[in-house]
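The chains referred to below are lettered A, B, ... by the order of the sequence lines, with proteins before strands, and numbering in each begins at 1.
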Number of protein chains: 2
Amino acid sequence: MGALEGDRPLGEGRRPPGGKPVSITAVAERAGVGLGSVSRVLSGKGSVSPEMLRRVREAAESLGYQPNLLARSLRSRATNTIGFVISDITNPLLAAIVGGAEAVLSEAGYSVLLTNSGGRPEIDAQRIGLLLRRQVDGLIVLPASEGDPGTIAALAGAGVPVVAIDRELPGVPEASVVLSDHYTGILAATHHLFEAGHRRVALVAGPDMRPARERLRAYSDAHTRAEVPPFGFTFGPLSAARGAEAVGQLLGAAEPPTAIILGGNQLLEGAIEAAQGRGVAVGRDLALVCCDDIPLGRLHRPPIPTVMRDTDGMGRAAARAFLARIAGETPPPEVMATWFDPRADQDRVGAGSG
Amino acid sequence: MGALEGDRPLGEGRRPPGGKPVSITAVAERAGVGLGSVSRVLSGKGSVSPEMLRRVREAAESLGYQPNLLARSLRSRATNTIGFVISDITNPLLAAIVGGAEAVLSEAGYSVLLTNSGGRPEIDAQRIGLLLRRQVDGLIVLPASEGDPGTIAALAGAGVPVVAIDRELPGVPEASVVLSDHYTGILAATHHLFEAGHRRVALVAGPDMRPARERLRAYSDAHTRAEVPPFGFTFGPLSAARGAEAVGQLLGAAEPPTAIILGGNQLLEGAIEAAQGRGVAVGRDLALVCCDDIPLGRLHRPPIPTVMRDTDGMGRAAARAFLARIAGETPPPEVMATWFDPRADQDRVGAGSG
DNA sequence: GCGCTAGCTGGAAACGTTTCCAAATCAAGC
DNA sequence: GCTTGATTTGGAAACGTTTCCAGCTAGCGC
């Protein structure tokens with residue numbers, strides 16, 4: 001790509017005082033050479049003589065030429081642009097994923113078109129349509145629901161490189177996926193609770209999609225293996241309100257659980273609030289386990305044990321998968337690790353109650 | 001815009017089985033009309049007969065036509081695209097601003113090109129250059145430093161609509177700004193601390209830019225007004241590490257402060273950690289005041305008083321300012337409110353110590 | 001019936017690039 | 001000096017749209 005970079009005041013070549021923006025034609029005229037040659041020099045494709053290189057570069061420089069990427073993309077059928085479809089940028093988890101992906105993508109010369117669906121699948125589809133009309137080279141999606149795999153399938157089937165994060169797309173081999181191994185982390189967390197003496201462990205699993213189902217599978221397997229009857233689980237949205245509601249209900253039961261596993265960090269806020277509201281001391285009267293690291297959990301006294309994963313790494317992996325697809329490869333599904341961090345202090349081992 | 005929307009499987013019109021993407025020309029042929037008419041119908045500009053409308057719509061529909069926005073933008077000199085330059089998408093504050101802006105912008109038909117500078121000004125400039133080459137219609141920037149106002153000035157001077165958030169751009173009347181009234185919130189917070197009996201109040205102000213300077217001004221004025229000698233302040237980056245470092249130093253002093261005002265939520269995490277590490281109970285032995293709401297502060301026991309502001313609203317305001325600029329208006333600088341929330345429980349009034 | 005106007009319509013030109021192809025240039029080999 | 005082949009060059013065509021302009025048609029008033 002670019003021969004020229006920020007060697008001149010930004011925004012210069014756009015609309016020079018004269019009026020017309022400086023185009024490749026202007027450079028060609030100034031250098032006294034043909035259009036093709038200028039293009040070859042500036043885009044770096046094709047071979048040119050050293051003399052030509054010098055003259056064109058000089059002319060471009062002196063005119064403050066900046067290529068119009070729109071025109072380039074129109075002709076070359078590649079925009080070096082990727083659509084990122086996400087349900088809620090406000091969620092630190094998703095933000096971290098976006099951040100990781102953006103780093104890799106911009107390094108590779110891609111720009112990210114970010115779209116926030118707000119969790120409504122119909123908006124998802126609408127925005128994806130807009131991105132396609134904008135001729136993005138591909139998409140990284142973190143759909144709000146699995147309800148409409150048809151959309152993704154249609155895309156992938158139409159040859160648009162698609163990478164889905166933490167979603168299963170059965171029957172859509174054309175799409176790549178980056179998955180989290182939620183199973184391992186929750187399995188370890190559940191065993192840890194058993195070891196601490198808990199026998200009534202509830203799971204608030206999150207919305208009925210792959211991550212929640214994997215967590216549930218680990219939760220069930222752990223109970224089976226330890227021969228402990230499962231206390232129960234719920235599916236539901238990932239939000240503070242839902243966390244408060246679920247924990248409130250659980251604590252209000254005749255025989256409440258002594259431990260609750262929360263399937264998403266958004267639940268933690270509400271969960272702590274609900275417990276505090278009932279005078280239940282989190283970490284003493286009630287053990288909580290959270291998924292995905294947030295300061296709230298780490299700084300709680302006692303700290304709240306957490307199933308961790310590398311969110312930045314997930315974003316990077318998704319970006320790499322996308323770049324691989326662009327390069328014509330078909331990267332296999334990538335499964336990213338999760339691990340359980342009990343976060344026990346030296347002087348305080350195991351959770352209370354029983 | 002668009003007459004057509006998701007009425008057909010997504011990604012259809014891109015590369016039909018045949019091979020060539022379906023263009024306006026194909027629609028014209030199919031409908032047996034001229035190119036111009038198809039454009040007029042599909043873009044909604046210019047007048048056409050009802051019969052023409054019907055025929056073109058029908059042809060477009062049956063071919064699954066999707067307009068190529070790249071070509072449209074190239075010709076019409078407007079991309080309906082905006083560049084969003086931010087230092088760290090991972091920061092929930094910035095993420096909220098982006099979210100608010102994205103909502104307004106996408107509602108207005110704009111797409112957001114997101115760029116993460118990682119706080120390095122040279123990357124800022126480089127990415128801004130790329131965005132301009134992509135012919136964005138304008139920029140919303142939250143620059144990592146005020147060190148290079150030249151960049152912004154050059155842009156605004158070159159006629160690129162620019163909206164800056166929480167940065168002063170003296171001498172760049174072409175740019176619009178959305179500012180926070182940090183002064184009011186910190187003034188109230190400082191007075192609140194005085195009323196609770198604190199006389200040694202420190203300020204960890206954040207990097208030496210407008211927000212931190214405004215906070216310092218409020219801090220100073222409050223002290224002058226109350227005839228309390230200021231304890232002291234520091235500038236510095238907004239990060240958990242810096243929060244820990246600053247609080248550690250302050251607490252290690254011969255005569256440590258009894259209250260610390262933190263100029264950014266990122267500092268809180270490290271601040272609490274540092275206090276905990278020294279066995280200082282936050283809210284009892286040491287009063288903290290934070291800026292910008294985060295769950296960590298709200299759920300701390302006792303809750304940590306906070307200077308609040310409407311981050312989503314800031315993003316929306318910035319987006320509206322941008323749209324106004326696009327429409328040829330020159331919106332005046334907008335100052336968004338901040339307010340102090342003492343967050344005192346019923347049963348626990350005022351901070352301890354003194 | 002004629003001239004005028006207003007509204008539609010078709011198609012060329014333009015947007016700024018890349019890509020392709022034919023022509024020009026050059027060096028080397030004989 | 002001429003031929004050959006490779007390299008370099010200039011410019012036309014193409015990308016898919018909007019914009020502009022000239023021409024056509026219909027409607028209307030006289």
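- Checking side-chain atoms of A:Asn116 against main-chain N and O of A:Ile89 turns up a donor-acceptor pair under 3.5 Å.
- Using modelled atom types, one finds a donor on one side chain and an acceptor on the other under 3.5 Å when comparing A:Ser106 with B:Arg127.
- Here the side chain of A:Arg30 pairs no donor or acceptor atom with the backbone of A:Ala59 at under 3.5 angstrom.
- The interatomic distance linking B:Glu51 (CD) with D:dT25 (P) rounds to 17 Å, in whole Å.
- In this structure, B:Arg133 places its CZ atom 17 Å from P of C:dG16, rounding to the nearest Å.
- Here D:dT25 presents its C1' atom at 13 Å from CE of B:Met52, a figure rounded to the nearest Å.
- To the nearest 0.5 angstrom, A:Ser23 atom OG is 9.5 Å from A:Asn68 atom CG.
- Taking 4.0 angstrom as the limit, B:Ser37 places a side-chain polar atom (N or O) nearer than this to OP1 or OP2 of C:dG10.
- Nearest heavy atom pair, residue B:Arg325 against residue B:Ala175, reads NH1-C, 3.7 Å.
- In the model, A:Arg134 has a side-chain atom that pairs as donor or acceptor with a side-chain atom of B:Ser111 under 3.5 Å.
- Taking only side-chain nitrogens and oxygens, A:Ser47 comes nearer than 4.0 Å to OP1 or OP2 of D:dT8.
- Comparing D:dT17, C:dT17, D:dT9 by their nearest atom to the side chain of A:Asn68 picks out C:dT17.
- Direction change of the helix axis from one end of the helix from C:dG1-D:dC30 to C:dC30-D:dG1 to the other is 50°, with five pairs defining each end axis (rounded to 10°).
- Between B:Leu74 and B:Gly34, the residue anchored closer to the 5' end of DNA chain C is B:Gly34, taking for each the nucleotide with the nearest heavy atom.
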(message) I need a per-nucleotide contact map over nucleotides 18-23 of chain D, read 5' to 3'. Cutoff is protein heavy atoms under 4.0 Å; write B for the base, S for backbone only, - otherwise.
(response) BBB---

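- In this structure B:Glu107 satisfies the salt bridge (charged side-chain N to carboxylate O under 4.0 Å, His left out) test with no other residue, sequence neighbours excluded.
- Atoms CD (B:Glu29) and P (C:dG10) sit 13 Å apart, rounded to a whole Å.
- Side-chain proximity of A:Val48 to the nucleotides D:dT9, C:dC8, D:dC15 is greatest for D:dT9.
- Interatomic distance, CD1 of B:Ile82 versus CD1 of B:Ile140, reported as 3.5 Å (0.5 Å rounding).
- The side chain of A:Ser49 contributes an N or O atom lying less than 4.0 Å from OP1 or OP2 of D:dT9.
- In this structure, the CG atom of A:Leu70 is 15 Å from the C1' atom of C:dA14, given to the nearest Å.
- At whole-Å resolution of the value, CG in A:Leu69 and C1' in C:dC15 are 15 Å apart.
- Annotation for A:Gly138 and A:Phe322: closest pair CA-CE1, 3.6 Å, computed over non-hydrogen atoms.
- Rounding to whole angstrom units, CZ of residue A:Arg77 and P of C:dG16 are separated by 20 Å.
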